[in-house]
**Student:** 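I am attaching a structure below and will ask some questions about it afterwards.
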Amino acid sequence: MITSHLRLRSPRNMKKMNTNWLITLCLLMTFLSETGTAQNVVQYHLYVRDTLVNFTGKEKHAIAVNGQIPMPTLTFTEGDTAEIYVHNELKESTSLHWHGVFLPNREDGVPYLTQMPIQPGKVYVYRFPVIQHGTHWYHSHSGLQEQLGMYGSLIFKKRKNDPRFRHGIDDLPTMPVTLSEWTNYHPHNVERMLHNASDWFALRKNAVQSYGEAIREGHLKTKVGNEWKRMLAMDVSDVYYDKFLVNGHPNGSFTPGQGKNVRLQISNAGASTNFWLRYAGGKITVVANDGNDVEPVEVDRLLIAVSETYDLVVTIPDTTVAYEFMATSEDRTGSASLYIGQGVRQLISPLPRLKYFEGMKMMNGMMKMSGDLDDMGMHMSLNQMDMNVVMYPEITGSASDKKKARTNPEHDHHPAKDRYNANRLSSITTLNYAMLQSPDSTQLPDGPTRELRFELTGNMNRYVWSLDNKVVSEADKILIKKGENVRLILFNNSMMRHPMHLHGHDFRVLNGKGVNSPLKNVIDIMPMETDTLEFHANVYGDWFFHCHILYHMMSGMGRVISYENQPNNPLIPNPRYAQRKLFSDDRHFHMMAENDFATNGNDGLLMFQNTRWTLGTEWRLGYNDMHGYETETHVGRYIGRMQWLMIFAGFDWRYRNEGIDERGENIFGQRNTKDDRALTSLGFSYKLPMLIDFQTEVFHNGTFRLQLMREDIPVTKRLRMGFMVNSDAEYMVEARYVFTRNLGLRTHYDSDMGFGAGISVTY
Amino acid sequence: MKTTSHVLMIMFALLSISLVAQSCNITTESVKVYGSNERCREEIETAGNQKNVARVSWNPESKTATLTYDSRQTSKDEILKRIALAGFDNELYYTPDDVYEKLAPGCKYERPRKMALIPDGKANLRHDSQQAANADQQKTSPLKMIIDRYLALKDALVENNGELASKKAGELAGAIDKVSMQSLEGDSHQVWMNVKSELAEHAEHISQTKNLAHQRDHFDGLSKNLYRLVKAHPTGITLYYQHCPMFNEGKGGDWLSGENTIRNPFYGSQMLTCGKTVETLK
C-alpha cells in the first residue's frame, strides 16, 4: 500500500525524488508501525509537482503526485482516521476533494468554499474519521488541475467483522481501476476553444457533420432541419482526447493469484468522458455503485458517467487466457483496456462508430423552435430510455441497413415507450439506474421535507451551462435546515447529459425499489429526463452541488447548498473575498482572435466573452488609403436562456480616400459617410433559424444599418463558407479551408475591398 | 553545375543518415498466426501492414507470419492486435468471436481455443443451478439441434445480419439432414416425412443469399413448417409461436421464439417489438 509512493513515472525527477522518498518512506513506516494499531490513524504524504509526460510522442505539461499519474491509491478501513499531508510543490495553489466521502465540511477540499487554497510551497493536512466503506476517489478541485492528472482511487475497506461483509464478493481478489483521458491541448486552451464554439474537436473526431457528408448519407433534410432549429452539429461529448487511460496507461493487466472471480473497483476520473464498460469473458456483475453496495445485477455492459464509481465482479472462464476488459469513450473515438488473467489475450470487438446523422434527426425531433426540449409524453428517467440508441449500430443496425429499411417507413410503429429502450431493442443488456437496489433499507428518518426543483439548462453554441438559467455567481446559496429531508427534483432541459454530484451526502434515487432505493452521490441525467433524489440533511456546511463535467462546472453549472444557522467555517476568514474568488470561475472572460492576412488587406477580430457579456472589435484594414481602414467595436449582453438575442452599444471608425469624396446611400435613402466617419451606435443582434445573425443598429447621426450574416457554414469536413450583406449595400462572401486548429486558407470577395485571398490565423 | 552537385551531395548525405538511422531499428520476427489457406493471406497482411512502419508476410503452410517493423514506432504486440481484430487468432491475441463469425466462409480456420468455454463465463453469483437443470432437460429431445439452430437463425434476422443468418441457415440445413427417422415415432414420424423437404429447402435458400428480404420470405415458410413439427412432437422446450400482422404486405408472418418477449425477425430493429404471441408450446 505505502510502497506505491515509490512508483515514480517521471524520469526527470527520478533521482532527486528517490532519495527524498526513501527518507520519507522510512519515517513513515516507523511512524505507522508505532501508531497504526493503537489509534488507527493512517497517514499518507502526497507531494504535488509539475511534471512532463509523454503519452503521444510529445512531451507535455502535467501534474504528478508522488511522481505518478493517477495519484496513489489511498486505502483505509472503516473506523480509521485518515490523515493526509499535501505538500504543494507547484507554482500555483491546489486542493484535494474527497469524492463521495462523509466528512466535516472544512475537510471537503473546495477552495474558497470550504477552505482557502493550499498555496505553493505549503503543507496542508486533511484529517477526518472514515465512517463508511466503499470505492471512492479523490481529485483536485482547483481550476482545471483534474484534467492534468490530479485524480486517484480512494478505497475504504469494510471491517472483517462487519455484518454487511459479503462473502464471495468482499473477499475476492480486487483491483482499483481509475479511468481517465489525456489531451495534448492544455486544459485552459480546451476551455477557451469550447467557449469559442471552435469545431476543431469535431474535426479531429471526424464528427463535423457537414452539408457534404449529410448529402452523401442522404440526410440533407436532417441537416437543414438541425440548422433551422439553430443547433450546431450534435455530439455526445465536447472534447477530443488523444488517449484514454486505465490507471494511467492505455493498457493494463490484472493477474489475480487464484480463483475465477475478480472484483474491479472502478472510478471514472475522466474530466469529461463517460465510458462504456464491456468484458470479453462474459457477463459483468454490478455489486456496488458510488461506494454503496447494491444487490448483484448481471449485465452485458454499462456506461460509467463522469465521476461515478462501480464495483464489478467478472469471471475468468479459462485460466490460460487473459480477457479484455474495455473502457470505450462514449463518443467511441478511443478506448483503454485491462487484460484480466494470464495467457493469450482474448479481445472484444471495438464499438462501431456512432451514426451521427441519426442522432441529429433524433435531436431535431425533440427540440422545439423555442429551444426547449419536448419529451413527447415519454416521462423519461433513470437512463432507462436512451435516445442515443438511434446512433448505436450494435443496437439499431448499421447505417446501411437503415437506408434499406427506410423504403417502408410506415412500418415504424414501436410503441413510443420502447423506441429508445435499449434492453427491449436488442439482446444486449445495458445497466440503468432502475436496476440498482440497495441490500438494506435506505429510508430516511422522519422529519419535515423540503422540495427543491432544478432545471438543468444551457446552450451549446456559447457553451453556457447553468441551473434554472443561472450560473453559480448569479444565484444565492440554497438554504436548508439540519434535520430535514431534502427532495431534489432535477429536469434536464439541455442537450447534453449531466452527471450531477452532491458533496458530503449520499442521496437515495427514487427508482421504484421502495425502501431499498439505491444510494448514490452522482446521478447522470440524460436530456429530457426527470429524476427525483432525497437525502437527510445531517451535517453543517457549505456543500457544492454541481455537474461533474469539468468544463460545465467551470462555466458555472452548480449551486452551493448551505445550512441555516450554522457555525462559521474558521478556515474561511474573509467570506466576501472567498465568495468573489469562487465566483470568478464562471465570470472569467475567454479570448478569441482571428486575422486573415489577405492580398487585399487584413480582416480580423478580437473578442472577450463570458457567460453574459461580450466585448469585441472587428477590423478590415487595407494596404493603402484607397482601400481604407475600418473598425467596429461592440460591447454587448446576451439575453435569455438560449442567448439568441444580444443587445449592444458600438463604435464605428472608418477612413478611406478614393480621391473623390464618395458618400454612399443606404437602401432607406439615408446618406452614410463611407470615407471618414466615427460614429457611436446602439443595436441588437438576433440569431435567426439557419444560424443567421440578424443585426440592427442605429447610429448617433440617425442612420440605420441592418445586416444579415452567417459564418462557418460547414460545406465539407474542412471547408467553411460565410456571407454578409447589409443595408449600406455592402456585401461579402468567403470560403475558408481549415488546415490546423490555428491555420486556414481563406478567400473572399468584399464589396469595398474586392477579391482577396490569404492565410487566416485563429487563436 | 557546381551547386547542383553540392545539393545532390547534401541530399545523398541526408538520405544515407536516415537510412542508417532506420536500419538500426528494423526488427524481424516470426510469429504464429492462424488462418485457413492462401485466401486469408491478403487479409492478414493488409491488417498487419503499416506504411513505412510494419510489413507482414504470412505463410499459409506453416501458419507463421514474418513481421518486419521499425521498433521505434511500433511493436509486435500492436501488429498482432490489428491482425486479431481482423479475425485471425495468433500467439498473443484471440480474435473476438463476432469478428471471426464475419470472416468469409473460405477463410474460416480451426481456432486454437475451444469456444465452448464462453457460456461458463458468467459471474457465478446466481441462477447457476437453474440453468444446468434446463440444459439437462433439453438434451432429451432429438429435435433440439434443429430448434437451437433455428433460434440462432432467428436471432441473426432480428439483428438484421444477413451474413450470419446465411451461415446459421447452413448449419440448420446440416442439422435437418442428420435427424434419424427412427428417433421419431407415430404421428411425428409422419409429420417429419411431410415437412422435412420443405424445411431443408427453405433453410438452403436462406443460406444461399445474404439478402435479408429474400431470407425473410423463406424464414416465414420455414417457421410454419417447424411449427407443425413441434406441435406434433413436443420437445420439452418452451417455445412461443409469434405472429407479426404486417409482414408480406399484411398477409402476416409467423415465427417461433424461446422467449415471450417479442423481438421481430421480419423487421429487426426497424420495428422490433411488433407482433404478439399466439400460442405457447411446451
Side-chain angles (χ1 to χ4, degrees), chain A residues 57 168-169 251 260-263 279-287 295-298 312-318 320-324 337 343-350 389-390 393-398 401-402 404-406 408-415 418-419 421 424-427, chain B residues 32 72-73 77-78 80-85 87 89-102 112-127 155 158-162 211-213 244-247 249 259 261-264 266-274:
Chain A
I169 295 176
N251 292 299
K260 285 192 124 187
N261 290 352
V262 298
R263 174 177 174 175
Y279 180 52
K283 299 264 184 188
I284 297 174
T285 306
V286 179
V287 297
E295 290 290 352
V297 51
E298 214 174 73
L312 308 177
V313 174
V314 296
T315 301
I316 304 168
D318 180 343
T320 62
V321 178
Y323 292 86
E324 184 175 28
S337 298
V344 180
R345 296 170 161 190
Q346 172 64 59
L347 298 173
I348 190 167
S349 320
V389 294
V390 301
E394 72 278 14
I395 291 191
T396 47
S398 69
D401 289 346
K402 191 83 188 178
K404 279 182 231 148
R406 209 178 296 136
N408 42 9
E410 73 276 13
H411 278 159
D412 193 6
H413 77 155
H414 285 308
D418 283 343
R419 213 153 84 206
N421 185 332
R424 296 273 280 140
L425 288 172
S426 79
S427 52
Chain B
K32 192 86 181 166
R72 282 174 314 177
Q73 298 191 58
D77 195 278
E78 282 181 19
L80 287 181
K81 188 171 180 182
R82 283 202 302 274
I83 292 176
L85 285 174
D89 291 336
N90 55 61
E91 62 178 55
L92 288 186
Y93 288 101
Y94 290 140
T95 190
D97 293 354
D98 54 333
V99 175
Y100 174 82
E101 292 296 336
K102 283 182 197 138
R113 189 169 71 82
K114 293 288 162 268
M115 292 304 138
L117 287 162
I118 284 287
D120 295 336
K122 296 185 174 183
N124 303 316
L125 296 175
R126 40 168 56 181
H127 306 314
D155 288 343
V158 168
E159 280 157 23
N160 292 324
N161 189 338
N211 178 326
L212 278 164
C244 163
M246 289 162 51
F247 182 65
E249 289 162 353
E259 56 200 288
T261 313
I262 298 287
R263 286 174 52 233
N264 188 327
F266 292 109
Y267 292 101
S269 59
Q270 196 195 355
M271 27 181 278
L272 190 68
T273 54
C274 164

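Labels below follow one simple rule: chain letters A, B, ... track the order of the sequence lines, proteins then strands, and each chain is numbered from 1. Computed from a prediction, not measured in an experiment: that's the story for all the values here.
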**Student:** Going through the distances and angles, do B/Lys81 and B/Leu92 end up as a side chain to side chain contact (heavy atoms under 4.5 Å, CB included)?
**Tutor:** CA-CA 8 Å; B/Lys81 188 171 180 182; B/Leu92 288 186; over 6 Å; no
**Student:** Hey, mind stepping through A/Val344 and A/Val321 against side chain to side chain contact (heavy atoms under 4.5 Å, CB included) and telling me if it holds?
**Tutor:** CA-CA 5 Å; A/Val344 180; A/Val321 178; 5.6 Å; no
**Student:** Does B/Asp89 use its side chain to pair, donor to acceptor, with the backbone of B/Thr95 at less than 3.5 Å?
**Tutor:** yes
**Student:** Check step by step if side chain to side chain donor-acceptor pair (under 3.5 Å) holds for B/Asp77 and B/Tyr93.
**Tutor:** CA-CA 9 Å; B/Asp77 195 278; B/Tyr93 288 101; 2.7 Å; yes
**Student:** For B/Asn264, is it the side chain, the backbone, both or neither that has a heavy atom under 4.5 Å from a heavy atom of chain A?
**Tutor:**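 The answer is neither part of B/Asn264.
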**Student:** Could you tell me which portion of A/Glu324 (side chain, backbone, both or neither) has an atom closer than 4.5 angstrom to a non-hydrogen atom of chain B?
**Tutor:**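 Looking at A/Glu324, just its side chain touches chain B.
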**Student:** Please look at A/Ser427 and chain B and tell me whether the side chain, the backbone, both or neither of the residue comes under 4.5 angstrom of a heavy atom of that chain.
**Tutor:** both
**Student:** Taking C-beta and beyond as the side chain, do A/Ile348 and A/Tyr279 meet within less than 4.5 Å on heavy atoms?
**Tutor:**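 Result no, sub-4.5 Å side-chain heavy-atom pair not found.
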**Student:** Do you know which of B/Asp98, B/Val158, B/Asp155 has the most heavy-atom pairs under 4.5 Å to chain A?
**Tutor:** B/Asp98
**Student:** Check each atom of B/Glu91 against the heavy atoms of chain A and say whether the ones under 4.5 Å are side chain, backbone, both or neither.
**Tutor:**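 The answer is the backbone of B/Glu91.
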**Student:** Using a cut-off of under 4.5 Å on heavy-atom pairs, state which of A/Ala322, A/Ser349, A/Gly343 scores highest against chain B.
**Tutor:**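 Maximum pair count with chain B is reached by A/Ser349.
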**Student:** So, do A/Pro296 and A/Val313 sit near enough that their side-chain heavy atoms are less than 4.5 Å apart?
**Tutor:**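 No; the side chains remain at least 4.5 Å from each other.
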**Student:** So for A/Leu347, is it side chain, backbone, both, or neither that comes closer than 4.5 Å to the heavy atoms of chain B?
**Tutor:** both
